[in-house]
Amino acid sequence: MKRKINLWTSVLALVTCLVTFCATLAVSYQTAFHRMETETSRQAALVAAGLEEIKSLSQEMRMEYLVAVGKSDRSRVTLIDPDGTVIFDSNTDPDHMENHLERPEVQEAMQGGQGAAARTSSTLGHQTYYTAIQLSTGEILRLSNTTDIVMDDLQRAIPPLLLIILLVCGLSMWLAHQLTVRLVAPINTLNLEKPLENNIYEEFSPLLSKIHAQNLQIQQQIEILRRRQVEFEAITSNMSEGLIVLDDELRILSANSAAVRLMGAETRDWSGENLIVFSRDTTLSQKARAAVRGGKESLACENKEGAHLHLSLSPVDVEGAPRGCVLLIVDVSERYAAERSRREFTANVSHELKTPLTSISGYAEMVSLGLAKPDDVRGFAQKIHDEAGRLIALVDDIMKLSHLDESTPASLPFEPVELYALAYETTERLRRTAEEQNVEITLEGAPVTVRGVRRMLGEAVFNLCDNAIKYNRAGGRVTVSVGMSHGCACIKVADSGAGIASEDQPHIFERFYRADKSHSKTVGGTGLGLAIVKHVCEIHGASVRVESVLGQGSTFIVTFKPADR
């Protein structure tokens with residue numbers, strides 16, 4: 001803007017100077033020409049007066065006078081006879097000149113006593129001004145001057161005029177620059193953040209008012225966008241799923257912390273980076289390109305930590321044209337583990353059910369075919385009865401686990417449960433079994449109340465005590481303790497059995513896992529008791545752990561969270 005104003009102001013000043021120069025030359029030319037006309041007429045009148053004074057003298061004397069006049073002045077002097085014949089000419093031989101009777105100035109002088117005309121001289125070849133005066137003798141005196149006189153005057157005037165024009169142009173350009181600086185300076189210092197506080201040209205008021213209105217609108221839009229950005233970041237940063245937004249060239253527009261963590265990428269801002277830099281998986285890049293073209297894609301993979309991930313890519317269309325895609329990363333490790341556990345559980349259940357059923361089927365077949373001796377039938381029937389009892393116990397435990405899997409804390413009838421009383425009931429129920437196994441069972445501690453489902457807690461305590469009796473040695477001891485430990489209610493079941501090897505301890509709460517498989521078959525366990533205990537503890541927000549030394553017995557400890565939690 002400043003350059004344009006300066007340029008056009010300078011051009012205007014230059015054009016003005018040129019026009020002024022041309023106009024000055026034209027006016028000077030007209031002034032000089034008019035002055036020449038006046039001077040020629042005056043000179044003609046003086047010469048005519050002189051001729052009138054000497055008209056009585058001889059022709060030679062008169063010619064000498066005209067010669068003297070012609071030499072003393074730049075004007076051309078011509079004397080013309082009444083018939084048009086040139087008698088004398090100060091510049092040209094009269095004998096070679098044509099008749100001048102038809103000249104306009106001569107005709108005008110003969111008719112009115114004096115005449116004038118301007119034209120190109122046929123003799124001199126220049127633009128010439130003529131003044132003619134008729135004498136009393138009838139002769140015509142004519143004086144003429146060419147425009148060379150005027151041009152000579154102008155040529156002398158042009159150098160100073162040019163110098164003046166150059167000075168004026170330089171001064172005009174300097175003034176134009178200064179004026180431009182002063183005009184533009186207030187505009188360059190405008191406070192666009194507070195446009196209404198600017199005290200500049202009145203013509204800018206509508207523009208500043210519009211800028212103020214647009215500033216308010218932009219601030220509102222920025223605030224809305226900032227609030228949406230904060231909401232988006234708050235949502236995405238707290239998501240357990242990874243979320244990556246890509247543009248149509250697979251550049252990352254946004255990536256939350258979960259996506260960085262799940263994909264095992266470096267913890268930094270990935271905005272603007274290409275997807276192939278974020279993840280070197282070429283299959284993922286190919287799927288992303290397909291998603292950008294408009295298709296939904298999915299991919300399953302494992303990260304560096306061995307977690308199973310499910311990646312879903314969905315296209316993003318803006319006004320019907322693809323503009324990128326959204327990548328959702330979900331950690332399905334738990335689902336994968338649950339599916340694997342379900343398959344293992346199904347296989348284990350099938351195996352555990354098949355064993356007693358095979359035994360029952362075999363004994364029953366021998367009895368039905370008469371292959372068993374009469375003395376052995378009672379023994380076979382007892383075997384069938386024992387295996388059927390084991391089968392019933394197994395199915396019962398499976399149903400309990402199924403019920404626990406389907407149960408949620410919100411759907412269960414929680415109530416205050418006094419653990420010492422619950423443990424007392426359990427020990428009394430198992431006292432006869434303990435006596436049969438030659439195991440002493442005792443209860444110690446103090447009353448402690450927790451919130452829970454009495455039936456489930458009773459089942460968990462029963463399984464712990466039952467296992468302590470089954471896997472104990474003859475003459476052994478089982479001690480059940482109820483009380484508080486570090487502000488938490490807890491119940492401990494300690495036995496003096498063979499103990500559990502350290503490599504087996506992390507797995508004993510798994511379904512169908514048996515640390516001592518040979519002894520488990522002897523005592524008829526289903527392998528689901530401790531799994532039921534762990535599930536009950538999870539529902540009640542409690543924890544269960546084992547402390548055991550091989551050959552010295554085991555202690556199972558169930559710890560409940562404090563009541564204020």
Side-chain angles (χ1 to χ4, degrees), residues 1-20 165 167-239 243-257 259 268-275 277-278 288 291-294 314-328:
M1 178 179 176
K2 180 180 178 180
R3 184 179 297 176
K4 288 186 177 181
I5 293 175
N6 195 11
L7 174 63
W8 285 107
T9 306
S10 301
V11 170
L12 179 61
L14 181 61
V15 171
T16 302
C17 290
L18 291 176
V19 171
T20 302
I165 292 298
L167 291 175
V168 171
C169 284
L171 180 61
S172 299
M173 293 177 69
W174 181 80
L175 290 174
H177 175 73
Q178 295 298 320
L179 179 62
T180 303
V181 170
R182 296 191 64 180
L183 283 173
V184 174
I187 300 175
N188 290 335
T189 57
L190 280 175
N191 184 1
L192 296 180
E193 294 183 359
K194 299 178 180 179
L196 297 182
E197 295 181 3
N198 295 285
N199 296 321
I200 60 169
Y201 313 113
E202 183 179 351
E203 290 79 6
F204 276 78
S205 296
L207 175 62
L208 295 176
S209 298
K210 289 183 179 179
I211 293 176
H212 176 69
Q214 289 180 349
N215 283 350
L216 293 178
Q217 183 178 1
I218 291 172
Q219 289 176 0
Q220 292 174 355
Q221 292 176 347
I222 290 175
E223 185 60 30
I224 292 173
L225 291 175
R226 185 183 294 111
R227 187 163 55 249
R228 290 180 178 175
Q229 179 69 19
V230 170
E231 293 174 354
F232 177 78
E233 291 179 354
I235 293 172
T236 56
S237 62
N238 289 288
M239 288 175 58
L243 182 66
I244 300 177
V245 182
L246 304 170
D247 64 8
D248 54 351
E249 295 182 1
L250 300 188
R251 288 192 297 264
I252 297 175
L253 301 178
S254 175
N256 67 353
S257 57
R268 65 179 179 89
D269 185 10
W270 287 93
S271 299
E273 296 283 0
N274 195 281
L275 180 62
V277 179
F278 180 79
V292 169
R293 289 193 293 267
S314 302
V316 175
D317 294 339
V318 178
E319 297 180 355
R323 288 292 183 270
C325 67
V326 175
L327 171 60
L328 183 65

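What you see is a predicted model; the values in this text were computed from it and never measured.
Once rounded to the nearest 0.5 Å, the distance linking CD of Gln220 with CD of Glu223 reads 10.0 Å. The distance from the CD atom of Gln217 to the NZ atom of Lys210 is 13.5 Å, given to the nearest 0.5 Å.
Every side-chain hydrogen bond (donor to acceptor under 3.5 Å, both in side chains) that Ser271 has, sequence neighbours left out, goes to Asp269. Remark: Glu273 engages Arg268, Trp270, Val277 in a side-chain contact (heavy atoms from CB on, under 4.5 Å) (not counting sequence neighbours). By the side-chain contact (heavy atoms from CB on, under 4.5 Å) test, Leu253 is found to be paired with Val245, Asp247, residues two or more places apart in sequence or in another chain being considered. The side-chain hydrogen bond (donor to acceptor under 3.5 Å, both in side chains) check on Glu249 picks up Arg251, with sequence neighbours excluded. Every residue was checked against the salt bridge (charged side-chain N to carboxylate O under 4.0 Å, His left out) condition with Glu231, not counting sequence neighbours, and none meets it. Residues satisfying the side-chain contact (heavy atoms from CB on, under 4.5 Å) test with Leu225, not counting sequence neighbours, are none. Taking Ile218 as the reference, Ile222 meet the side-chain contact (heavy atoms from CB on, under 4.5 Å) condition, with sequence neighbours excluded. Taking Gln221 as the reference, nothing meets the side-chain hydrogen bond (donor to acceptor under 3.5 Å, both in side chains) condition, with sequence neighbours excluded.
The heavy-atom pair separating Ala288 from Leu250 by the smallest distance is CB-CD2, 3.7 Å. Nearest heavy atoms, Ile252 versus Asn274: CD1-O, 4.5 Å.
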